[in-house]
Amino acid sequence: MTPLNQRRLEIFKSNRRGVWSLRIFLGLFVVSLFAEFIANDKPIVFSYENELHFPMLFRYTETDLGGVLESEAEYRDPYVIELIEGNGWALWPPIRFSFNTIDYSYEVAPSPPDGVHLLGTDGGATDVLAKLLYGFRLSVLFGLSLTLISSSIGVTVGALQGYFGGLVDLIGQRLVEIQTGLPILFVLIILASIVEPNVFWLLAILALFSWMALVGVVRAEFLRTRNFEFVRAAKALGVSETTILRRHVLPNAMVATLTYLPFILNGSITSLTALDFQGFGLPIDSPSLGRLLSSAKANLQAPWLGIFVFITLASLLTLLIFIGEAIRDALDPRRSLDLARTGGAPTDTVALQTQA
């Protein structure tokens, strides 16, 4: 690791709020990746006649368990449970409901939190905690995908404009201005209502507009970096434009770009939630936080729905903001210079030690 990157890492570690936010976010995200093993209406594994079965990976019919129906076994059916337990054993997830499992044993929905549903049920009699777990994973994965796609487009367009300048920059700026002048929300609603909603269509629709957030930053960095002496020297030596862009200009310009990524991820998750809340996002059977928020709006007599969704969204977005602030401070060249001058301790830490 270079001395500069070492100083940046030290600055990031000195921001305890950012470090703990990153730890909590990664912990929650890793847990959500195993949502099927935490909240599911199928056993993780069960033994039937001394043979192990994995219903999350393979499909088993009721006849495979000694029943009469050839359809997939309904593992919450007391008859199926009796067939399994009478000939073996089953290991169930901690939450025996998936995000779309309807609990028909409750006559009234939504129902308040109790010993079975720790956070209650929504208007469709499905478990709120399971939906929050699956919705958290869906929101983060969708946000990461959209951030990656939009950042790639934005960095490419901004790099071409800033490095080549002239006519390329002029045409690019006019196209960006036209794109920025469009009523994005209305266009998104129109496009989302025309095509059948799914993850890939929604990614493509949002990517049409979300890439513009980085163009101005990358363009300004490339305009500044292309005039550095080592870039001019590389041109004088006959180094190809592609090599100069990839090895000399892009690494310097990416410093400012990286500080924006957590905030772009934040905006991507917010956009998905807003579209789902309005009914123009993912399919209605998706475990979306926006859909759950819409259910909370439709059931104002069940305040726990809105409270739990708000806490989940607020916590997720707050963690990303704190992480973004820590990354911004770590990549700030002034903080790195201060750290180098003070002999390896962040400025704030040295000031505190001096006062003490």
Could you tell me whether [X] atom [atom1] has more than 12 heavy atoms of other residues or ligands within 6.0 Å of it?
X      : atom1 : answer
Glu107 : CD    : no
Tyr163 : OH    : yes
Trp304 : CH2   : yes
Ile284 : CD1   : no

Are [X] and [Y] packed together at the side-chain level, in the sense that at least one heavy-atom pair is separated by less than 4.5 angstrom?
X      : Y      : value
Leu28  : Phe136 : yes
Ser294 : Gln278 : no
Ile44  : Trp92  : no

Using atom types as modelled, flag every donor-acceptor pair under 3.5 Å from a side chain in residues 308-324 to any protein atom, sequence neighbours excluded.
residue, atom, partner, partner atom, Å
Thr312, OG1, Phe308, O, 2.9
Ser315, OG, Ile311, O, 2.6
Thr318, OG1, Ala314, O, 2.6

Problem - Residues which pass side-chain hydrogen bond (donor to acceptor under 3.5 Å, both in side chains) with Thr61, listed by chain and number, not counting sequence neighbours - result: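 Here the qualifying residues are Thr63, Asp64.
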Practice task
For Ser210, check side-chain hydrogen bond (donor to acceptor under 3.5 Å, both in side chains) against everything at least two apart and list the hits.
Solution key: none
Exercise for the section: Among Trp89, Phe58, Phe46, find the one that has a ring-ring contact (aromatic ring centres under 6.0 Å, His included) with His53. Expected result: Phe46
Identify every side-chain donor-acceptor pair in residues 66-88 under 3.5 Å, counting partners at least two apart or on other chains, and give the distances.
residue, atom, partner, partner atom, Å
Glu72, OE2, Lys42, NZ, 3.2
Asp77, OD1, Tyr79, N, 3.0
Asn87, ND2, Leu83, O, 2.9

Exercise for the section: Tell me yes or no: between the side chains of Thr270 and Thr273, is some donor less than 3.5 Å from an acceptor? Expected result: no
Problem - Same cluster (ILVMFWY, side-chain, under 4.5 Å), Leu289 and Val140 - result: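 Cluster IDs for Leu289 and Val140 differ.
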Problem - Leu141-Ile269 co-clustered via ILVMFWY side chain contacts under 4.5 Å - result: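 Yes, one cluster joins them.
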Exercise for the section: Would you confirm whether Arg291, through its side chain, and Leu282, through its main-chain N or O, come within 3.5 Å as a donor-acceptor pair? Expected result: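 Side chain of Arg291 to backbone of Leu282, a donor-acceptor pair under 3.5 Å: yes, one is there.
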Practice task
Would you check if the side chain of Thr126 reaches a backbone N or O of Asn100 as a donor-acceptor pair within less than 3.5 Å?
Solution key: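 Such a contact is absent between Thr126 side chain and Asn100 backbone.
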Indicate the atoms forming the closest heavy-atom contact of [X] with [Y], along with that distance.
X      : Y      : result
Leu275 : Leu202 : CD1-CD1, 3.9 Å
Gly306 : Ala296 : N-CB, 3.5 Å
Phe99  : Asp285 : CE1-O, 3.3 Å
Leu160 : Val168 : O-CG1, 3.7 Å

Any carboxylate oxygen within less than 4.0 angstrom of a Lys/Arg side-chain nitrogen, looking at [X] and [Y]?
X      : Y      : result
Arg96  : Asp41  : no
Glu221 : Arg224 : yes
Arg174 : Glu177 : yes

Completion exercise
One should read off an interatomic distance between His117 NE2 and Phe97 CZ, to the nearest 0.5 angstrom, of 4.0 Å
Practice task
Determine the sole option in Leu292, Leu138, Thr121 for which the side-chain contact (heavy atoms from CB on, under 4.5 Å) test with Lys131 is passed.
Solution key: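 Of all the options given, the one that passes is Leu292.
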Fill in the blank from the handout: Across all chains, not counting sequence neighbours, the ring pair (Phe, Tyr, Trp, His ring centres under 6.0 Å) partners of Phe222 are none
Completion exercise
Hits for ring pair (Phe, Tyr, Trp, His ring centres under 6.0 Å) against Phe54, two or more places apart or cross-chain, chain-then-number order -> none
Practice task
Please state whether the rings of Phe34 and Phe37 are parallel, tilted or perpendicular, taking 30° and 60° as the class boundaries.
Solution key: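 Ring orientation, 0 to 90° scale: tilted.
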